[in-house]
Amino acid sequence: MKKLFWFLDINYEAKKGKPEIWIWGIDDQDDRVLIVDRDFPAYFYLVLKEGQNPQKLIDVVNSRKAAEFPSVVKLEPGQRRYFGKTVDVVKVYCREPDVIAKYGKAVAKIEGVKESLEDDVRYAVRYIIDNNLSPCGWHEVEVEEEKNDLDVQVDKLYIAKSRPKSVEKTGVPKLRILAFSTIAYSPKGAPKADKNPVVLISVRSNAGEERQFVAKNSDDKSVLESFVNYVRDFDPDIITGYGTNRQDWPYLTVRAKKQGVKLLVDRADTEPHMSVYGHVSITGRANVDFFDFSDELQEVKVKTLENVADFLGVMKSEKRTQIEEIEFSTHWEDPKKRPTLLRFSSENSRSVMGIAEEMLDFAMQLSSLVGLPLDHVGTAAVGFRIESFLMREAYKIGELIPKRVERPYIPYVGAVVLAPKPGLHENIAVLDFKAMYPNIMIMYNVSPDTYVPQSDPEPKAGVNIAPEVKHRFRKEPPSFYKEVLSSLITSRDQIRPKLNRLDPKSSEYKVLDARQKAVKVITNAAYGYAGWTGARWYVKPVAEAATAWGRHIILSTVDAAKKTGLEVVYSDTDSIFVNNDAEKINNLSEKARKEIGLEIKPDTIYKRILFTEAKKKYAGLLPDGRLDIVGLEVVRGDWASCAKNVQEKVLEIILKKKAPDEATEYVRQYIAELRRKRIAYKDLIIWKTLAKPVEEYEVKAPHVEAARLLLNEGWELSMGDKVGYVITVGSGKLYEKAKPYFLTSYDKVDVEYYVTNQVVPAASRILTMFNIPEDRLLPSKDMKLLTDFRPKD
DNA sequence: GCATGAAAAATACCC
DNA sequence: ACGGGTATTTTTCATGCG
């Protein structure tokens, strides 16, 4: 019979020495199904040296089969492409997927064999690639129903009688989604899984059901058991949380072991386990940690659950309960405070569900586009997402997948940035080339498979030669990147008009918009991937040529703009800022289309814009009255809010009223308030990322010393964590005065540091442009305050 | 021994 | 664990003074 199903998860099992692919899905009857494919061969390729006879090599492998390669079941000669060149290969089929890495290595040493390829492609990945499956997409497969004697939690179990095939059907079945959040308790310091219990687990389903499992007498055995029972009972397709891959799951795993509870939350009667890219795998369900998608939200600087939820406008109807981690213990211990902790935890699980509602579509579209299962795609770094996408595309055109190899890093020249004309400018248009690098690669056929090394003769069809660097790329046939990027751009162009016809609140709109975003992310990252030394398809000249053409294009555009009579006040990479003269702009864009072959169009219009001397920093007033602030302290996460708020206000006064004196007065007032400690404590916190383990730092930096204090108190910190600190009074170096904000208090804060090193520099950056020296920003001693309220902390 | 300034380390931004 | 270009702060180191 034919079965239609939506792809949720995939895993590989070895049953009695025979590999099985298990695909977990949901069918069009809303049944949860497991489809088992027992008939998919593992394989890798041998690439032959030029002029070798494939049959000879097949004979050699066969003769050594009994001793060395017992798992080989078939050897098949053929041809593939490798970096655009046709090569002779032998496809080596093996009974067990686990041997291919080992066999590949051994067989590569045989005389006449150049190398082995694709022996580093995992079995389940292989299955997705070869069958062109789309995670989070619909498929059709010929199946036979089988009795469920595998003890898996599904409605139906099927054996695949054909390979699944992706079908056009859109939409997502009615999924059961479970959000959860946990709270652990330790009397002092950060909770440690080996001794401190999980006293509270809050769950929330997408049907709106809310539950809390609360420990009695700080014993978490029943909490764990109830949680496991609830999960099994609710049987979610997606289990989601925030920070669960790094925090909750590992913690729960240790607690469960400690308490002798089996954490059987999956559909196959096994416990959660670590999988590739540092994600926790829960067989048969998708474990999605939205912290892994928080990079997408560049505006959110400190990626806490609260900040992300607030940014997305989740939980807007109510005031949030805020409890610092350090206060969990007192809240748990105090019967009066405990209800607040329970409320806090419940709000957390609701925030997670809210975030899921906002971001799950994107996660699914990305998963479906790049071919990584939903639970993997979040933890995979950008480079691996693209690579996964490219591996699928390569298979379709018979291009072999290069091995991952370590290479030295050699820098190359990137884009041009022109010095801005400092000061205020009125009515400025930003013209930019849309998707410049992808379009360059398409136009000049720039790709790993079309690159012609210096030593190679020029191909018949001719070459495109990059300016400056002189790298050559075959004009024909259409390159790998060209095909891939063109189809991405086309698919996005097809989505956009559809969006205009839909209600932005409809689910159809949300899905399409998410698709469009996923496509954009992948398209834009292709250039960066090309220049990444870790890439399988790394070819430095590809990235180097793209930027060389980019420089050439933007510089000739700047030139043309000037000739047309436009004044260019700034330019960065693919954009030029000019006076908003519609006719001249039209001329220019017409000229660019004809002479360069790329489209340059007005994007943003600024009623007024301010540049300082610095590149990559400016602030503009938009037609609707909003400010667009770029690069300045206001948009940086590593400045205290007090400095950012003041700078923003200064910019607003300058851009809207052109009143530097008023702005100066504002700063003076603010500083007077700050010196009286009337500015909120949280506005003094400076957040910085811990980019490596504390021990590896070569210098004593404030945030590193603050991190050290946290570690001494038993808090856990790892790479990528943000450290929030304040500067306290005292003598010596700055790093000696930096303290984690929740281990000190306002009365110890050195407000003069914030005046001198935060507020004044941030304000001065702008006001210097209007000849206002720093000392004019400092209030006189007897300055009267406009406001007079009691200090708050 | 110490002030001074340049260099290095570190971070976060822009596109 | 996608690129290079850029600004900025703080620490660290080298230098020269007397």
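First the proteins, then the strands, lettered A, B, ... as listed; each starts at 1.
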Distance below 4.0 Å between [X] side-chain N/O and [N] OP1 or OP2:
{"X": "Arg404(A)", "N": "dA1(C)", "answer": "no"}
{"X": "Arg407(A)", "N": "dA1(C)", "answer": "no"}
{"X": "Asn757(A)", "N": "dT8(C)", "answer": "no"}

Quick check against the 3.5 Å criterion: does Ser764(A) have a side-chain atom that pairs as donor or acceptor with the backbone of Thr768(A)?
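No; zero donor-acceptor contacts below 3.5 Å.
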Applying side chain to side chain contact (heavy atoms under 4.5 Å, CB included), name anything that partners [X], two or more places apart in sequence or on another chain.
{"X": "Lys470(A)", "result": "Ile465(A)"}
{"X": "Asp292(A)", "result": "Asn245(A), Asp289(A), Thr379(A)"}
{"X": "Asp449(A)", "result": "Arg81(A), Glu399(A), Ser447(A), Ser479(A), Phe480(A)"}

More 5' along DNA chain C: Met719(A) or Pro411(A), using each one's nearest nucleotide?
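The residue closer to the strand's 5' end, by nearest nucleotide, is Met719(A).
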Mind running ring pair (Phe, Tyr, Trp, His ring centres under 6.0 Å) on Phe742(A) and Trp715(A) for me, showing each step along the way?
CA-CA 12 Å; Phe742(A) 57 84; Trp715(A) 297 87; 5.5 Å; yes
I want to verify a distance call: between [options], whose nearest atom is closest to the [X] side chain?
{"X": "Tyr412(A)", "options": "dG4(C), dC15(B), dT12(C)", "result": "dG4(C)"}
{"X": "Val413(A)", "options": "dG5(C), dC14(B), dT8(C)", "result": "dG5(C)"}
{"X": "Tyr753(A)", "options": "dT10(C), dT6(C), dC15(B)", "result": "dT10(C)"}
{"X": "Lys733(A)", "options": "dA7(C), dC15(B), dT12(C)", "result": "dT12(C)"}

Between residues 525-535 of chain A and DNA chain B, which residues have a heavy-atom gap below 4.0 Å?
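Residues of residues 525-535 of chain A that come under 4.0 Å of DNA chain B do not exist, since none gets that close.
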Expressed in angstrom and rounded to an integer, what is the separation of [X] atom [atom1] from [N] atom [atom2]?
{"X": "Asp574(A)", "N": "dG3(C)", "atom1": "CG", "atom2": "C1'", "result": "14 Å"}
{"X": "Ile522(A)", "N": "dG3(C)", "atom1": "CD1", "atom2": "C1'", "result": "15 Å"}
{"X": "Phe389(A)", "N": "dC2(C)", "atom1": "CZ", "atom2": "C1'", "result": "15 Å"}
{"X": "Tyr481(A)", "N": "dG3(C)", "atom1": "OH", "atom2": "P", "result": "13 Å"}
{"X": "Met436(A)", "N": "dC15(B)", "atom1": "CE", "atom2": "P", "result": "12 Å"}
{"X": "Phe577(A)", "N": "dC14(B)", "atom1": "CZ", "atom2": "C1'", "result": "10 Å"}
{"X": "Asp292(A)", "N": "dA1(C)", "atom1": "CG", "atom2": "P", "result": "12 Å"}
{"X": "Trp639(A)", "N": "dT10(C)", "atom1": "CH2", "atom2": "C1'", "result": "12 Å"}

Exceeds 12 heavy-atom contacts within 6.0 angstrom, atom [atom1] of [X]:
{"X": "Lys540(A)", "atom1": "NZ", "value": "yes"}
{"X": "Lys434(A)", "atom1": "NZ", "value": "yes"}
{"X": "Glu716(A)", "atom1": "CD", "value": "no"}

Which residue is it: Val755(A), Val759(A), Thr756(A), Val667(A)? I am looking for the one with a side chain to side chain contact (heavy atoms under 4.5 Å, CB included) to Leu778(A).
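Going through Val755(A), Val759(A), Thr756(A), Val667(A) one by one, the side chain to side chain contact (heavy atoms under 4.5 Å, CB included) with Leu778(A) is satisfied by Val755(A) alone.
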Between Asn464(A), Asn439(A), Thr450(A), which is the residue that forms a side chain to side chain contact (heavy atoms under 4.5 Å, CB included) with Tyr444(A)?
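Result: among Asn464(A), Asn439(A), Thr450(A), Asn464(A) is the only option passing the side chain to side chain contact (heavy atoms under 4.5 Å, CB included) with Tyr444(A).
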Determine the minimum heavy-atom distance between [X] and [Y], stating which atoms define it.
{"X": "Leu305(A)", "Y": "Tyr242(A)", "value": "N-CE2, 3.4 Å"}
{"X": "Leu566(A)", "Y": "Asn579(A)", "value": "CD2-O, 3.5 Å"}
{"X": "Ala545(A)", "Y": "Val469(A)", "value": "CA-CG2, 4.2 Å"}
{"X": "Ala380(A)", "Y": "Leu372(A)", "value": "CB-CD1, 3.8 Å"}

For Tyr618(A), which contact category applies under a 4.0 Å heavy-atom criterion: base, sugar-phosphate, or nothing?
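Sugar-phosphate contact only.
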Sugar-phosphate, base or nothing in reach of Tyr409(A), heavy atoms under 4.0 Å
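Sugar-phosphate only.
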Could you list by number each residue of [range] showing a heavy-atom separation from DNA chain C of less than 4.0 Å, or answer none if no residue does?
{"range": "residues 370-386 of chain A", "value": "Ala381(A), Val382(A), Gly383(A), Phe384(A)"}
{"range": "residues 536-551 of chain A", "value": "none"}
{"range": "residues 415-425 of chain A", "value": "Ala415(A), Val417(A)"}
{"range": "residues 552-561 of chain A", "value": "none"}

Across nucleotides 6-13 of chain B, 5' to 3', mark each nucleotide with B, S or - according to how protein heavy atoms within less than 4.0 Å reach it.
---SSBBS
Sequence neighbours left out, what pairs pass salt bridge (Lys or Arg N to Asp or Glu O under 4.0 Å) with at least one residue falling in residues 527-537 of chain A?
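As it turns out, the salt bridge (Lys or Arg N to Asp or Glu O under 4.0 Å) pairs with a partner in residues 527-537 of chain A, which skip direct neighbours, are Asp120(A)-Arg536(A), Glu387(A)-Arg536(A).
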What class does the angle between the rings of Tyr451(A) and Phe473(A) fall in, given that below 30° is parallel, 30 to 60° is tilted and above 60° is perpendicular?
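Geometry flag for Phe473(A) against Tyr451(A): tilted rings.
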What donor-acceptor contacts under 3.5 angstrom involve side-chain atoms of residues 632-639 of chain A, with partners at least two apart or in another chain?
unit_1, atom_1, unit_2, atom_2, d
Glu633(A), OE1, Gln647(A), NE2, 3.0
Glu633(A), OE2, Arg765(A), NE, 2.9
Glu633(A), OE2, Arg765(A), NH2, 2.5
Arg636(A), NE, Asp638(A), OD1, 3.1
Arg636(A), NH2, Asp638(A), OD2, 3.1

Test ring pair (Phe, Tyr, Trp, His ring centres under 6.0 Å) applied to Tyr741(A) and Tyr725(A), step by step:
CA-CA 5 Å; Tyr741(A) 72 94; Tyr725(A) 63 91; 10.0 Å; no
In chain order, what residues pass the salt bridge (charged side-chain N to carboxylate O under 4.0 Å, His left out) check against Glu698(A), with sequence neighbours excluded?
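Salt bridge (charged side-chain N to carboxylate O under 4.0 Å, His left out) list for Glu698(A), sorted by chain: empty.
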Quick one: does NZ or CZ of Lys737(A) land under 6.0 Å from the six-membered ring centre of Tyr753(A), within 45 degrees of the ring axis?
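Verdict for Tyr753(A): no cation-pi partner in Lys737(A).
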